[in-house]
Amino acid sequence: TFPASGTNTRYGYYHGTTNGFPPANVQRNNIWRGPAPATNLYHSYHGGNRLNLSDLQAAYPAMEVGSHSVNPEYEDPLLGDFTPGLNTMTTLYQNGQNLGGVVPVDIRNYQRAALPTPGAFEMPEPSNNNAAATIFTEPVSYCEGVNNVTVVIKNAGLNNIDSVRIHWEVNGVPQTPFYYIGLLESPLNQGNPVISDTVTIGTYNFLNGVSYNLKAWTYLPNGQQDPININDTAYLLDSRTSMSGVYTINPTQPPSVTNYQSFQLFIDDLHAYGVCGPVVANVAANTGPYVERLYFRNIAGTSQINTVRINGNGNMLQHNSTTVEAHLLKLDGTKYLTIDNLIFKSININYGWGAMIWGGSAYDSIINCTFDLTTTTGTSSAYCNGITFNGSLTSPTTTATTIATNCYIGYNKILGPTTNNGYYYGITIMQGANNITVEGNEIANYYVYGMYLGSTLTNTRILKNTFHRANKIGTT
């Protein structure tokens with residue numbers, strides 16, 4: 001299956017030679033080109049471009065006998081469930097080639113039928129009273145305390161469902177079942193049938209620092225036994241309360257609910273669990289140098305109120321920058337993050353890139369930090385730079401549609417070597433970065449550009465900065 005969009009030529013499959021594929025070996029596939037396929041989207045290539053299944057079979061009548069080109073209407077592709085939907089039961093159900101001796105189970109380890117479904121996911125036998133649970137929608141990004149537990153259920157069967165029991169458990173402990181009464185229409189109904197519902201099945205008191213595994217499953221739809229059980233159950237694994245409050249980063253103390261022994265462990269939890277309130281991380285004084293680099297992505301739950309702040313207390317992070325990992329600090333779509341009073345140092349003589357902000361980052365601040373690039377004497381603009389707002393990992397002057405907005409770079413130092421060479425650009429702000437303020441910074445001993453501004457910037461403010469090469473012994 002591929003979408004009918006884009007300009008590149010694409011194929012369902014491409015056979016470079018007709019000699020290697022006897023027609024009898026290419027059977028019972030389903031290639032769907034979309035509802036209104038463009039002419040650059042080909043069903044296949046076999047002895048030439050074949051626009052659709054009919055074109056291929058006209059040229060090679062012995063190929064793809066019994067095959068289809070229909071919309072598989074996957075059950076839930078966003079959740080990785082590519083089981084063909086019930087509406088394909090007359091075309092795809094039991095329409096595959098019998099390969100039980102080679103592939104007895106599907107990708108989920110479910111038993112294949114003697115006549116299997118084409119593709120990686122086996123369709124269950126169409127039946128009445130087939131209820132399913134798909135995903136937990138709550139709790140997500142939640143604080144300690146009593147929170148709703150909510151799950152999506154749906155009808156995956158031939159007949160309508162008007163009631164179903166939902167059992168659930170937390171960490172293996174059964175909770176009070178929920179009896180759902182409501183109409184879940186069959187996917188086979190005409191029009192746009194309402195086949196699913198989002199149901200709050202109860203509440204639970206979640207505690208900080210505890211990992212929770214939640215399980216919910218449907219039972220007795222319409223008061224009848226459900227003949228298909230492979231889709232009954234939804235899971236939420238390793239769920240934890242989101243972060244909120246004050247934390248420490250201190251490798252001299254044991255790990256705990258509030259203490260992390262490294263920046264990376266702290267960042268990993270931010271990414272995994274998000275925030276549900278303001279977060280402050282205080283780095284214990286004189287506990288560096290930390291042999292790390294800091295890469296932040298989007299943190300779920302951040303907002304104007306739910307901010308994240310790291311107070312570095314003058315500690316150093318050092319990294320042996322390479323062409324693959326040149327950046328000491330990278331913000332990729334990160335929002336409402338403040339980094340205060342850290343020293344970032346590259347210990348590589350050829351590579352070192354202080355900070356890169358991109359990917360739609362917003363409302364971030366880097367203040368009172370030092371980017372020590374004095375060891376780096378390379379001059380490559382692809383790997384040696386100060387602080388950049390740009391759209392490429394290896395080009396500090398590349399533009400992008402959305403790089404960053406409403407960010408503040410204040411009272412930092414970007415230090416280069418006193419010898420020849422050094423970092424190429426001190427600061428770059430490229431088209432796609434707007435409402436950026438750069439204030440009170442010292443950009444010292446750069447190689448070529450102290451600052452480089454792209455075109456069409458909106459509300460960029462450059463205030464009270466110092467650019468100099470006063471400490472350079474070498475002048476090139």
Side-chain angles (χ1 to χ4, degrees), residues 243 246-253 255 258-272 279-297 299 307-332 334 337-359 361 364-378 383-389 393 396 407-417 422-423 426-427 441-445:
M243 300 175 67
V246 179
Y247 300 82
T248 56
I249 298 175
N250 187 348
T252 69
Q253 297 298 315
T258 58
N259 183 63
Y260 293 87
Q261 292 189 313
S262 71
F263 284 85
Q264 191 60 55
L265 291 172
F266 174 72
I267 294 171
D268 287 346
D269 275 4
L270 283 175
H271 289 160
V279 170
V280 176
N282 294 313
V283 187
N286 303 312
T287 52
Y290 292 81
V291 184
E292 302 185 67
R293 64 191 191 282
L294 305 188
Y295 285 7
F296 291 89
R297 304 190 305 273
I299 301 167
T307 58
V308 177
R309 182 183 183 93
I310 298 176
N311 294 320
N313 286 315
N315 281 283
M316 177 182 290
L317 296 102
Q318 61 184 32
H319 174 60
N320 186 19
S321 296
T322 66
T323 55
V324 178
E325 298 172 344
H327 309 87
L328 304 176
L329 169 65
K330 183 168 67 178
L331 309 185
D332 183 1
T334 313
L337 171 68
T338 296
I339 297 178
D340 182 11
N341 196 17
L342 281 171
I343 301 171
F344 297 88
K345 182 176 177 63
S346 173
I347 58 175
N348 190 289
I349 63 172
N350 295 311
Y351 312 114
W353 191 322
M356 177 179 173
I357 301 95
W358 73 327
S361 295
D364 300 317
S365 298
I366 301 172
I367 57 176
N368 303 313
C369 291
T370 298
F371 294 88
D372 185 348
L373 307 177
T374 57
T375 300
T376 304
T377 56
Y383 309 111
C384 305
N385 300 288
I387 300 174
T388 66
F389 292 85
L393 291 171
C407 293
Y408 181 80
I409 307 298
Y411 300 93
N412 304 284
K413 295 181 179 181
I414 305 173
L415 306 179
Y423 63 88
I427 295 176
N441 302 279
E442 179 184 0
I443 298 90
N445 298 331

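Between Asp332 atom CG and Met356 atom CE the span is 7.5 Å, to the nearest 0.5 Å. Here the CD1-SG distance, from Ile339 to Cys369, works out to 6.5 Å after rounding to the nearest 0.5 Å. We find the OH-CG distance between Tyr351 and Asn385 to be 13.5 Å, quoted to the nearest 0.5 Å. Atom OG1 of residue Thr258 and atom CG of residue Asn250 lie 10.5 Å apart, to the nearest 0.5 angstrom. Atom CG of Leu342 sits about 7.0 Å away from atom CD1 of Ile310, to the nearest 0.5 Å. Atom CD1 of Ile366 and atom CZ of Phe344 lie 7.0 Å apart (nearest 0.5 Å).
For the side-chain hydrogen bond (donor to acceptor under 3.5 Å, both in side chains) test, residues two or more places apart in sequence or in another chain that qualify with Ser321 are Ser346.
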side-chain contact (heavy atoms from CB on, under 4.5 Å) between Leu373 and Leu415, worked out
CA-CA 6 Å; Leu373 307 177; Leu415 306 179; over 6 Å; no
Test log, rule side-chain contact (heavy atoms from CB on, under 4.5 Å), inputs Tyr247 and Val279
CA-CA 8 Å; Tyr247 300 82; Val279 170; 3.9 Å; yes
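Side-chain contact between Leu393 and Trp358 is present, with at least one heavy-atom pair separated by less than 4.5 Å. Counting heavy atoms from C-beta outward, Tyr423 and Ile414 have side chains that approach closer than 4.5 Å. Counting only heavy atoms from C-beta outward, the side chains of Leu270 and Val308 approach each other to under 4.5 Å. Within the 4.5 Å cutoff, the side chain of Asn348 has no heavy atoms near those of the Thr375 side chain. For the pair Ile443/Ile427, a side-chain contact is recorded, criterion being any heavy-atom separation below 4.5 Å from C-beta on. Residues Leu331 and Tyr295 are not in side-chain contact: their nearest non-hydrogen atoms beyond the backbone lie 4.5 Å or more apart. The side-chain heavy atoms of Asn282 and Val246, taken from C-beta on, include a pair separated by under 4.5 Å. Counting only heavy atoms from C-beta outward, the side chains of Tyr290 and Pro251 approach each other to under 4.5 Å.
Counting only residues at least two apart or in different chains, side chain to side chain donor-acceptor pair (under 3.5 Å) contacts with residues 262-271 comprise Arg240-Asp269, Tyr260-Asp269, Gln264-Asp268, His271-Arg297. Under the salt bridge (Lys or Arg N to Asp or Glu O under 4.0 Å) criterion, the residue pairs touching residues 285-295 are Arg293-Glu325, with sequence neighbours excluded.
Asn315 places a side-chain N or O within donor-acceptor distance of the main-chain N or O of Ala284, the cut-off being under 3.5 Å. Using a distance-only test at 3.5 Å, with no hydrogens or angles considered, a donor-acceptor pair links the side chain of Asn441 to the main chain of Tyr411. Looking only at distances, no side-chain donor or acceptor of Ser365 sits under 3.5 Å from a matching main-chain atom of Ile367.
Across all non-hydrogen atoms, the minimal contact from Gly386 to Trp353 is O-CD1, 3.7 Å. The shortest non-hydrogen separation linking Ile249 to Phe263 is CD1-CD2, 3.8 Å.
The one candidate from Asp372, Thr370, Thr376 that meets the side-chain hydrogen bond (donor to acceptor under 3.5 Å, both in side chains) condition with Lys345 is Asp372.
Thr334 and Asp364 are not linked by any side-chain donor-acceptor pair at a separation below 3.5 angstrom, with hydrogens and angles left out of the test.
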